[in-house]
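Only one structure is covered here, and it is reproduced in the block below.
In the text below, chain A, chain B and the rest are named by the order of the sequence lines, each starting its count at 1.
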Amino acid sequence: MKVVLDFETASFCDLKLCGADRYAQDPNTEVLSLVYHVNNTYNLWSPATAATDDLLRRLAADPSVKFVSHASFEQAVWRWIMVPVFGFAPIPIKRWVDTQASCALHALPLDLDHALSVLGLPVVKDLDGRKVTLDLSKINKKTGMLPAKTPEIMEKVYDYNRIDVVGTVHLHDALGELPDGERTVWEIDQAINQRGIKIDLPFVRAAKRLVNEGSMPLVQEFREITGLNPTQGAKFLQWLGDKGVELPNLKKETVAAILGEDDEDQSEDGSAGGLGELDNLPGEVRRALDIRALVGSSSLKKLDRMEHCVGFDGRARGLLQYHAAATGRWAGRILQPQNFPQGSDVEGGGVEEKISAVLAGDRAAILSTFTRNKRPCDPLELVVASLRHALLAGGGFTFVAGDYAGIEARIVLALAGQHDKTELMAKGLSPYCDVAGLIYGRPIDKYKDPVEYKIGKNTFLGCGFQMGWQTYQKRYCPNESDEFAKAGIDAYRKAFAPLVPRLWKGLEDAALEACHNPGKVFGSHGIRYKIKTIADKPFMVCRLLDEKDIYYFDPRPCLKRMPWSTPEKEDIRPAWKYRTKKKGAWVWVDAYGGILTENVVQALARQLLCRAMERLEAAGWPIVLTVHDEIMCEVPDNGEYTEGRLKEIMCAPVEWAEQIKVPINVETWQSTRYKK
DNA sequence: CGGCAATGCGCC
DNA sequence: AAACGGCGCATTGCCG
């Protein structure tokens, strides 16, 4: 038996800022109503009717009854309110079903309304009910009080509540539950999200003090120079123009090039390539650009999020979103633990030295102890560089983590059947020098030829997915000639891995055939494509080597003008496109060999990671974070959980990967704080 | 005031 | 022969 349910709640706690767990833990949060659907009937539960409701109590206590909801908000409210406050039986992860996870698996929008609308299911808009419900969390500005919960108002809340349950029932009927394999992954995902991760609040507060002290005078100075806030990008660009400094944008590389700071790293973006360093850059312009670079780091906002989202036990929960990318990768939520600045550019001390310096808060000491790009390190830069260390193992515990080295570049070679190269790597030899040697026509040594070595590394890591020479040039060698860039691409495609372009072509042709022949399967390199109808909608389904599927919504044949096509020499070919969500928007994307290969390889890398996560959890290694090719566990600091053991578990054989001979290598670290 | 697009920045 | 992949969050600025 299944119960489909949805809560309406009210609270001064900001759900968006804090996440569902912290929100539900907040003593101010109250349940307004719960609508639950069981045996084709919609039932209402509210704190007012709690005493008379035996049905819900029995359902919760019955281990054979499953609870279905959209996302994990209902789980959080159940765990932190329904159980402790109203005495309901706890409902373990095993008994929850998440309709949002099914949306995610099918590459559909994650929010209920959008998912329903994309699937052509009825969406009821109850703007009035929504407003009335939201208003119950806000002080009315006129009366200075919370609105009264009159019977009329509560009727509107109940109606609004019911609408979402109807939607969830529809969605569940349309998409069904996760297949077994993904169900296992989702349960681990839920365990990770409920475990949470400890945040070092004293460090966060010390860091915020440094940021406030440091940025206030800088913002003030910026205002005096420009009359603007450092965050007003467009207006600042205009101001720069008035000062005779015309910039195409305010990207990091562009600004670095102008300031003459690009000698360290090769500029990734050629947008400022032609501008060069301005020798006569006015002092105030230089100062304004410097200030903006210092205070503009949006990463510092993570400090606020950390403070907000920690629960009363000091742990932040709900930081990962299951299967947020179509390829199955997780995405980060709330404080976004997957994009902490690396911080490796700040030198002068290790993790503990950086932490101590921030805690001490001595600006002068920081400036004299640490450096960044060989200049004194501003306290703000030190905070940015040490942000990730705010994730701390609990007392008596430590983090042990591992990541799969260059896993995507390795999988693409293995899948293409380029076994001469995978065997090389299996022996532990680095392919970067090989690639560089092919480009430069002479042996390249990692230490004697650092520039050449880096080109080799970039070529090896970057060229597996049909990158063109223009992009290659812009990204890796903006100061080299077109011929050099073309030669780099050629070295990879013709000399280093000639089987890889065949993989692109194979997948492209198979998918195109499948698009023109709905219901029939076409494959290449063990990857199979087929148009399938799910919830009455067409999907292109790409089946991987281990039977995991990638979904492409609403595939349609089309004619595609190739990027190199010109009016004189038109090149238009049959292709296909699909709909996906990009940065929140719902857009059409053209499928081509490179993109399909990228998707398949990224998805396979994720599968490898998932199997390792399952083995780790089964062996008693609690996972607290995953970052695409990296797994971090929080384990007792008793010497039983070693890096070597973690590596063994992560490297354990997986059938499909063994068959195509993916050379696997795992790099590990151990620390009480999150680091590289 | 909330929604949305554009821009920018961080990661793998 | 040939193609820039996957994310989330913060801010500004515009619109209704």
Exercise for the section: Tell me what A:D571 touches on the nucleic acid: a base, only sugar-phosphate, or nothing, going by heavy atoms under 4.0 Å. Expected result: base
Exercise for the section: Choose from C:dG6, B:dG8, B:dC11 the nucleotide whose nearest atom is closest to any side-chain atom of A:N599. Expected result: C:dG6
Exercise for the section: Classify the angle between the aromatic ring planes of A:F539 and A:Y551 as parallel (below 30°), tilted (30 to 60°) or perpendicular (above 60°). Expected result: perpendicular
Practice task
Tell me which nucleotide among C:dA3, B:dG2, C:dG6 gets nearest to the side chain of A:Q466.
Solution key: C:dA3
Exercise for the section: Assign A:R130 to base, sugar-phosphate, or nothing according to its heavy-atom contacts below 4.0 angstrom with the strands shown. Expected result: sugar-phosphate
Exercise for the section: Looking at every strand, decide which applies to A:Y592 at a 4.0 Å heavy-atom threshold: base, sugar-phosphate, or nothing. Expected result: base
Exercise for the section: Quick one: sort the A:W669 and A:Y674 rings into parallel, tilted or perpendicular, breaks at 30° and 60°. Expected result: tilted
Handout entry: Whole-Å P distance, B:dC12 and C:dC4
Key = 22 Å
Fill in the blank from the handout: Among C:dC4, B:dC11, B:dC12, the one nearest any side-chain atom of A:P341 is B:dC11
Exercise for the section: For A:Q342, answer base if it contacts any base atom (sugar-phosphate contacts may also be present), sugar-phosphate if it contacts only those atoms, and nothing otherwise; contact means non-hydrogen atoms under 4.0 Å. Expected result: sugar-phosphate
Practice task
Look at the aromatic rings of A:Y476 and A:Y472 and report parallel, tilted or perpendicular, splitting at 30° and 60°.
Solution key: perpendicular
Exercise for the section: Indicate, yes or no, whether a donor-acceptor pair under 3.5 Å links the base of C:dC9 to the side chain of A:R305. Expected result: no
Exercise for the section: Report yes or no: is there a donor-acceptor pair, N or O only, under 3.5 Å between the side chain of A:R333 and the base of C:dG8? Expected result: no
Under 3.5 Å, N/O pairs linking protein and nucleotides 12-16 of chain C:
residue: C:dT12; atom: OP1; partner: A:T231; partner atom: OG1; Å: 2.9

Practice task
With heavy atoms under 4.0 Å as the rule, sort A:G332 into base, sugar-phosphate or nothing.
Solution key: sugar-phosphate
Practice task
Would you please say whether a donor-acceptor pair under 3.5 Å links the side chains of A:Y529 and A:E513?
Solution key: no
Practice task
With heavy atoms under 4.0 Å as the rule, sort A:L335 into base, sugar-phosphate or nothing.
Solution key: nothing
Problem - Pair A:D113 + A:K125: basic N to acidic O under 4.0 Å - result: yes
Fill in the blank from the handout: A:A324 has its side chain closest, among C:dC7, C:dG5, B:dC12, to C:dC7
Problem - A:R606 NZ/CZ over A:W330 ring centroid, <6.0 Å and within 45° of normal - result: yes
